[in-house]
Amino acid sequence: MSEAALNAMAQQYLDLTLCKSRYDDIDIQWYTEGPFWRRTSMRFSRDYKILPDYEIADAKHGKTLEDILDESAHLTESLKLYAKTAKPQEKQRIDYLIDHVVALHTRARMLLGETMPFDEMTQKLYDLVAPVYDYTRFDRILEALNQALPGSGSVQDKIYEFRRRISIPQDKLLAVMTDTTKAFHDMSMARMTLTGNSMPRVRVRRLPDPGMAFLSILFGYDYNHLEYERNFNLDYPWTVDNVIECIGHEMEPGHLTYYEKRMQTYIDTCWPEMAVVQQFSSSSAFTEGSARYVISMCFDHSVEKKTQFEKNVIFGVAGLDKGLAELMPLWHEYCEIAGYGKLEVTRKIWDKIWTEEEAAAFLKQYAIIGKEAPASIVNHLAGDEGHFVAHDYARDVVKEYFDSVTSSVDEQWKLYEKICCGHMSMSGMLNKTYRP
Ligand SMILES: [Zn+2]
């Protein structure tokens, strides 16, 4: 069969995905509608997040969830049939499409009320199953923090106090966010082939929901430019570590760079599947995992370089006690392990192994949530199912893959750029067989 037949199947996948967003409002992370797009009216909210960042109008209408379920099942079969006589160079693209159509189908099942075990859910949505975590790591990091952190009292109290002392004062937030955004923009420019026109405008404002870290407004895009405005919430509890995470991960060289590359790839190839990044898919697991790992690449994986950056750019501008900066490597290690704590909690709640109270007690034991937090908070650790598998575990899959197939950080940057433009495979990265 011809490439036109495969393109038609890819277009069907795209149409079904857009239609599903009517029932699944956070599913579309990025969508390229055409070669360019401009916001032409000021009728949008600066208070509430709308995903995608612009209205896709009738593209999301015309199919029920049952239609999407049926059509995605047939589409998977058609793709498998096509694969039987496909050219070898089409294999990666077909695997990618099957992977994403299976995710779409699974998500439709979930939206229709079907339940399934946690690991099956993450396997079908993200092409990943997180292995059981080594729980002794939670106790070991707690002991290390108890030894290292200043103050007296319980280790949990020391953690809460440290978190308070590395919090960014509200009146310094704009300067911290602006300087950090510029620094990550420059690091991305130095290592990748980018247009350089996509550094977002940074604003700070008070958003109605204190749990919302930021609100993004897309003003337009074309091949050479993403025009984004990022509004960071003054009322969000910003600490040094989540400033780094948020800027490097959400913007450049993380998600915004990925969206820029995807948009360009779509325009270059006309492959319909490149137009969209679904939240509940392996593309999302790749962008989430790599957006975390790429922060480490910015500092050549050097803990010293990252700490120096935090000390000079964030502690300095925020007016925090620079003497605490030397504790940041241990703190980052704690944050990574805490992410796995949340993964374990969401898995055990989903599979009904732990009650809300048991899960909350576990998180309080490691000071991952506040000591006064209600038990029901465990149900709101993330807005998206399998979040910590698609973020924390995906980061470690990306890390191991990059470490095993490259021999220098420069090669890793080239690899990252290539995968952003290609048909990635999370299971292929996990078993190290994937080659872009
Ligand atoms: Zn993200």
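Start at 1 and go down the list; that is how both ligands and their atoms are numbered. Remember, predicted model here, so these are calculated numbers, not experimental data.
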Tyr366/Tyr334 under ring-ring contact (aromatic ring centres under 6.0 Å, His included): CA gap, chis, key distance, verdict: CA-CA 10 Å; Tyr366 300 103; Tyr334 167 68; 8.8 Å; no
NZ/NE/NH1/NH2 to OD/OE distance under 4.0 Å, Arg191 and Asp300: yes
Around the Zn ion (ligand 1), number of protein N/O/S atoms which are nearer than 2.8 Å: 3
Main-chain N/O of Asn197 paired to Thr195 side chain as donor or acceptor, under 3.5 Å: yes
Cationic N near anionic O, under 4.0 Å, Glu273 to Arg93: yes
Any side-chain donor near an acceptor of the partner, His249 and Glu288, under 3.5 Å: yes
Carboxylate-amine/guanidinium proximity below 4.0 Å for Lys306 and Glu310: no
